[in-house]
Structures are given as C-alpha cells and as structure tokens.
Amino acid sequence: MSKFPVEMIRHSAAHVMAAAVQNLYENVRFDIGPATEDGFYYDFDMPVRLTAEDLEKIEAEMKKIINARTPFEMFELTRGEAEKMLRERNQTYKLERLADIPEGEKISFYRTGEFVDLCRGPHVDNAGRIGAFKLMSVAGSYFKGDEKNPMLQRIYGTAFAEKSELADYLRLLEEAKKRDHRRLGTELDLFSFSENVGPGLVLWHPKGAFIRNAFETYWKEQHYLNGYEMLYTPHIGRCELWQTSGHLDFYKESMYSPMDIDDHDYYVKPMNCPFHIEIYKSRNRSYRELPCRWAELGTVYRYEKSGTLHGLLRARGFTQDDSHIICTPEQVENEIAEVLRFSLSIWKTFGFTRIQPYLSTRPSKAVGTPERWAKATESLEKAVRKAGLDCIVDNGGGAFYGPKIDLKVRDAIGREWQTTTIQFDFNLPERFHMTYTGEDGKQHQPYMVHRALFGSIERFFGILIEHYAGAFPLWLAPEQGRILPITDAQIPAARELAAKMQTAGLRVTVDERSQSLGGKIKDARNERLQYMLVIGEREAAEGKVGVRSRREGELGAMDPAVLIEKMQKEVIEKVC
RNA sequence: GCCAAUGUAGCUCAGUCGGUAGAGCAAUUCACUCGUAAUGAAUAGGUCAUCGGUUCGAUUCCGAUCAUUGGCUCCA
C-alpha cells in the first residue's frame, strides 16, 4: 500500500489536472484545487467552455503526466518574487490568493512538469503515486464562493492510491444512483411533481401517502407517549405577525408574496413558530404548567432559489415535524437531554444507528445574554455526553438567535444526512414578550427550543426511500405481501388466504393475472414486495402456502397461521 | 439567482444533415393455465416542453420562456 494519505494523493491529482489543462488550453487562469471528502477539484477561468469530451482529453493528458512519474518539486519565494512571477503569468486569481497569505508565512510553490502552483502542500513525491483517478463532472463555481465574484469553471474528479478503491467508489455511486429517491419515486409510484402545480411542490400518490401516514401515525403516538401535545395552526398569517417575529426583516426573500385580504397582507407561513407562540400567549402562563412541549406536523412554504431544488430533499412546500419546548431555566437541561434521547430512539426504529451530533456555538453577531448562551450551550453539550456520544463543535456556527445541535445520520450505504435539529431561540421570546409567572410571583422570560426531528416529512421520506432502496419494512409497506396463484385453479384458494390474512390486519393482494409464476415473481420483486406467497396445486391441496421473503429468501411451504404470526410479529417489532 | 447540460409515448431511450416520428418495458384485448426474475399475438398510445422567428415547409435551425439535471451560492 502507498504510504501517502488519500487527501495528499487527491490534492496532487488536482495539480496534475491543472498541469494537463495548462498543456492543452491557452489563456488559462488558475484558482485553487483542493482535496475534498471524496475527491478533488480545480477551478479555472478560461475562454473555452469545457464539455464532457474535454474531460476525456484532460484525462488522457493526466495519464501521460502520471505514467512519466513526473516529480513534485517544492520551492520557496519571497512575496515580491512570487508576485512578479504570478504577474508575468497573468495569474490574477493566484495574486489575490497570495495577498490572503498572512505576512511572515512561508510562500511555497510546487512544480509539476510545466505547471507551477502557489501551494502550501504537502504533495506526493511524484505523480506516479496517483494509482487511480477519474474526472467526474464540470460545474460552475464562484471565485471564493461569493456570488458577487466571477464564476469559474470547476472540474471535479476523484483519485485513490489503488485501482480497486476507485472501482469500489464507482460501485458506491452506482448503488446510490439505483437508490435515487426521484427514480424510485416514479418507479414505485410514490410521488411526483407537476409543472402545472409548480416546482418544489410535492404530489403524494396513494402508496407514498400510505407510507407517510404510517410513519406520521407512529410519530404522533411516540410524541404523546413522551409528554408532547399536538397543535394545529393555519397556513397563513397577517403581516403583523411576521413583522413581530422579524421574518419580514430577515427572511422576506424566502417567503411567498403576500395576498391582500380585506386590506390586510397575509403571508403563507415559512415557519410554525409564531403561531405556537400566539397559543402560548393566549393567556397567562405559570411556571407550574411548564414545560410546554408542543408539536405539529406543520406545512410551510419557502421560496427556495430555483437552482437549489432537489426532489423531496429540497422542496418549496414541505411539512416540518416541528416542536417547540417552552420551559424555565431550571428545566432546560433535562428537556434537552430528553429531546436528544427521544430523537435517537426514533431514528433507531427506522434502522439508523450511526448518528453524529454537531454543536454550533455563539456567532459574533448574536442576540441574548452571554450567560444564557453559556447555559444553553452547556446543556446541549451535557445532553450529548449523557447520550454517550461525542459532538463535533462548530465554533461560531450557531444562528444569531441561539446555539444548536444538529444530528447527521448515516444510511444503509454509509452516506450522511443532516436531519434533526435542536435549536435554542433567545430572539422570539424577546420579540413576542413571552413570559411566565414564577414561584416568586414575578414575570420571567422562558427558554424556547425549536426541535425538528425528521426535519421535513418530505425530506425524511426521500432519505427513507434511499436508505431502504425502496424496500420498505413491513410495518410501513403499503402492500405487505402478494399471493401468487400458479394457475386459475388456485384463485379461490388464493382469495381465501387473502381474506384470512386481511382479517388478521395484513395488507395483501392476489395477483390474478394470466401470467407465469416467473413473471409474477419478477413484478413483485420489482415492486419491492417483502412477501411473495405462492399457491400451486400442492399448497392448495395441503392448505399451505409457499413463502418467499425478500430478506430471507425461499422459506418453503408454511401453514398460513404460522405465516400470519410471523408477519404480525415483524410488523409489531418494526423489523427493518 | 449564477455557470453548464438536457427536455421525443406512462417509463427508459433511438431518430430526423428541414419534408409532422420509432423500439423495449408498461397499458388494453384475445389466446395460453404455466412451480419461484419475462408465455404469445394483436391493439391503442406523441401539438417531438411552451411561445415566437427564419423557411414553400420546423420536432430538427435561431431566440425567448418554462422545467429538469450536475455544481456554486443560499438554507434568518
């Protein structure tokens, strides 16, 4: 195995790519080319618009550089020398990058063949260390990530020390493509979008709606069991509400335009919080009734930029599984710990067990006293420790209104999804003058915590589809089993079995089509059925059923009562 | 919103160097009655995303719009 870490190999591959681009094209200005989590990229400003064919040419040129084992050579220059060289080469972006290097730091360059790059390093000793690479795509990207800056052309690629690692990575991409929720959503008839309805607005088909209803029901049950109460609030509210909340000042560009009703502007809600606060404020509150744990499946609409929409994962209309916990300072630590414990247990039910919390702390511009921030942040940290987890800290990464914990969950093929968020809010209680009467008879401002467990129902459904690759566990499956009579002669027996299973609460159908068993199996498999129940002459005569399970394979002839018990158990235990 | 690409039947795609289109799967009908990933035949299905321009003629060329895809930015 190579002694070079994969990040170094990728960073070096980015240089090799830049060298290839320099060899092949005129008037190229270079920005930067770092390693990323699963590859590398390099940003270029060049007159030629790069296409897929260009990528092939560049790959071929890179292979030459790699096969020649072209060395990476480091040298240092003074700032003046560096400026002079970059200016001679008309490398304006590099000059800006050079200016960003603090005084006193070493200014190093790396040479790879003809290509010389301002770079901190380190690099592999020669390009031959790049055992396997592939260029993936061309995309636009703003210089320094700022949309006011010019847009550069970015080439993405990936690289590994070994060819087998690249093959594994490409297989993972293949697998991810097969699981793509947009593709499965169409294939399994779960949901769709319509141009007539509008971008980012989801239409839930019967099967998708069934699954949604199943997990929403579970969500509600669990919330009641864990001391939450449910709310319902309207979809629109007057502009005064959004003025008070501050959304019209800070969030207006993400809100749908108002509608004028009886000379009042009404906005479609982008968030549920102000409504929950109005419920809190509908009468005086005493410390005795805190904490309030209020939850709602609240549908909101946000005008997301058109380029950011992505199937169910980023929609314009979506339902938050929203909750607000309003409590006293004494209660807050316990409440946070409970929210986290509750979240982890729900994720486990769906088969997500690898979970990474991220803690975001106070940014430079923030509302709320430092004492409140400190207490809130501490209670978040403690909750994570209590759950036996370690959090990754994003210092200064919190919203201006409070610190937060986000959970990233890993799915069946190891991808991370950002889902649960637990956020303190020091802004809204202040703006809405929320109070409670304390033990001392005086008015106090409560703590308020926003919490979305799945984030959004739509997004969660998209993640679930990809996590299960469309094969939903029995408790969520719209159709739990399909009975396949081999010939028409077994249709009565099949119907009888179906009736028996339906009476037992199982969702089964009979495939009565005039089709071979192989054909029926194929279709049932493509529809990701968990149970295929074959009834031929033999089974009909013996009063049994041939069971084929998606997870366990062929189980042979079973007594219907045994099968029903097995399936019921699987439903109750929510086996994934 | 920005950069780039794409848009042909329900789905996956082919095709027309300008003369109004085709396959597989799915659907429907008929026949077949079959033992664990495709039984056969027939039928039907399209304003070639939309609008405009060039042209005798546009699905094809040009422009705009809409939508989608890969990124960037954004996600108070």
Side-chain angles (χ1 to χ4, degrees), chain A residues 36 41 43-45 49-52 54 136-156 180 182-183 185-189 192-200 242 245-255 270-271 273 302-311 313-316 318 363 365-367 398-402 406 418 421 423 425 427-428 450 455-456 459 484-491 512-527 532-540 546-549 553-557:
Chain A
T36 64
Y41 66 80
D43 285 346
F44 309 99
D45 190 346
R49 293 276 146 220
L50 293 167
T51 64
D54 289 304
M136 308 301 290
S137 62
V138 191
S141 80
Y142 299 108
F143 177 54
K144 289 188 179 176
D146 187 335
E147 61 184 325
K148 288 189 271 303
N149 285 338
M151 188 156 263
L152 309 175
Q153 297 192 78
R154 172 174 297 180
I155 302 178
Y156 281 96
D180 190 312
R182 294 166 297 184
R183 172 195 175 122
T186 306
E187 214 174 293
L188 301 177
D189 199 16
S192 65
F193 294 90
S194 160
E195 271 197 44
N196 294 325
V197 176
W242 306 110
S245 71
H247 285 98
L248 283 181
D249 290 332
F250 298 108
Y251 200 66
K252 195 172 181 189
E253 69 284 1
S254 294
M255 291 168 73
M271 288 177 190
C273 334
R302 297 182 184 175
Y303 181 76
E304 303 287 358
K305 285 181 182 174
S306 57
T308 64
L309 300 177
H310 184 88
L313 299 181
R314 189 87 183 265
R316 280 186 176 158
F318 57 95
K365 267 180 78 177
V367 300
F400 74 88
Y401 50 79
D406 294 320
Q418 212 234 281
T421 179
Q423 305 198 341
D425 192 327
N427 183 43
L428 292 179
H450 306 268
S456 105
R459 181 176 157 79
L484 314 176
I486 293 179
T487 74
D488 289 355
Q490 286 87 47
I491 287 180
E512 297 189 7
R513 293 174 308 161
S514 151
Q515 179 67 255
S516 69
L517 181 63
K520 290 179 182 181
I521 298 261
K522 183 191 74 106
D523 289 340
R525 278 189 57 92
N526 285 345
E527 290 175 54
M532 288 157 261
L533 309 171
V534 177
I535 296 195
E537 214 175 330
R538 267 198 323 266
E539 289 81 2
V547 179
R548 176 173 170 149
S549 147
E554 279 198 55
L555 301 176

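Just so we're on the same page: letters track the sequence lines, and every chain starts at 1. Computed from a predicted model, the values in this text were never measured in an experiment. Values below: every heavy atom of this structure, side chains too, minus hydrogens, waters and symmetry copies.
- Across B:rU65 and B:rA9, the matching C1' atoms stand 24 Å from one another, rounded to whole Å.
- Taking a pair to require two hydrogen-bonding distances under 3.5 Å in either a Watson-Crick or a G-U wobble arrangement, B:rU28 pairs with B:rA42.
- A donor-acceptor pair under 3.5 Å is formed between the side chain of A:R316 and the backbone N or O of A:E304.
- Comparing atom distances between the A:R548 side chain and each of B:rA76, B:rU73, B:rU36 picks out B:rU36 as nearest.
- A donor-acceptor pair is defined here as one N or O able to donate and one able to accept, closer than 3.5 Å; such a pair exists between the side chain of A:D54 and the backbone of A:T51.
- For A:R183, no side-chain nitrogen or oxygen approaches OP1 or OP2 of B:rU12 to under 4.0 Å.
- For B:rU33, there is no paired nucleotide, since no Watson-Crick or G-U wobble pair has both relevant distances below 3.5 Å.
- Base pairing of B:rA23 is made with B:rU12, judged by Watson-Crick or G-U wobble geometry with both donor-acceptor distances under 3.5 Å.
- One donor-acceptor pair, N or O on each side, does fall under 3.5 Å between the base of B:rC32 and the side chain of A:S514.
- Across the strands present, B:rC74 finds no partner; the criterion is a Watson-Crick or G-U wobble pair with both atom distances under 3.5 angstrom.
- Using a 4.0 Å cut-off between a side-chain N of Lys or Arg and a carboxylate O of Asp or Glu, A:D146 and A:K144 do not qualify as a salt bridge.
- The base of B:rG1 is not paired with the side chain of A:Y303 by any donor and acceptor separated by under 3.5 Å.
- For a distance-only test at 3.5 Å, the side chain of A:E539 qualifies as a donor-acceptor partner of the base of B:rG35.
- The side chain of A:N427 has B:rA76 as its nearest neighbour among B:rA76, B:rU68, B:rG71.
- Using atom C1' as the reference point in both B:rC17 and B:rA4, the two lie 26 Å apart (nearest Å).
- Nucleotide B:rA67 has B:rU6 as its partner under the Watson-Crick or G-U criteria, with both atom distances under 3.5 Å.
- Taking only side-chain nitrogens and oxygens, A:H310 comes nearer than 4.0 Å to OP1 or OP2 of B:rG70.
- For A:E147, the listed nucleotide lying nearest its side chain is B:rG1; candidates were B:rG1, B:rU39, B:rA76.
- Scanning atom types as modelled, one donor and one acceptor separated by under 3.5 angstrom connect the side chain of A:R314 and the base of B:rC74.
- Following rounding to the nearest Å, A:E195 (CD) and B:rU69 (P) show an atom-to-atom distance of 12 Å.
- Base pairing annotation: B:rU54 forms no Watson-Crick or G-U wobble pair, as no partner gives both donor-acceptor distances under 3.5 Å.
- Annotation: side chain of A:R513 is in contact with side chain of A:D523 (closest heavy-atom distance under 4.5 Å).
- Distance A:L533 CG to B:rU36 P: 16 Å, rounded to the nearest Å.
- RNA chain B is contacted by both A:S245 and A:R49; A:R49 maps to the nucleotide lying nearer its 5′ end (nearest heavy atom per residue).
- When the C1' atom is compared between B:rA64 and B:rG71, the two are found 25 Å apart, to the nearest whole Å.
- Evaluation of atom-type donor-acceptor distances gives no pair under 3.5 Å for the side chain of A:D523 against the base of B:rA38.
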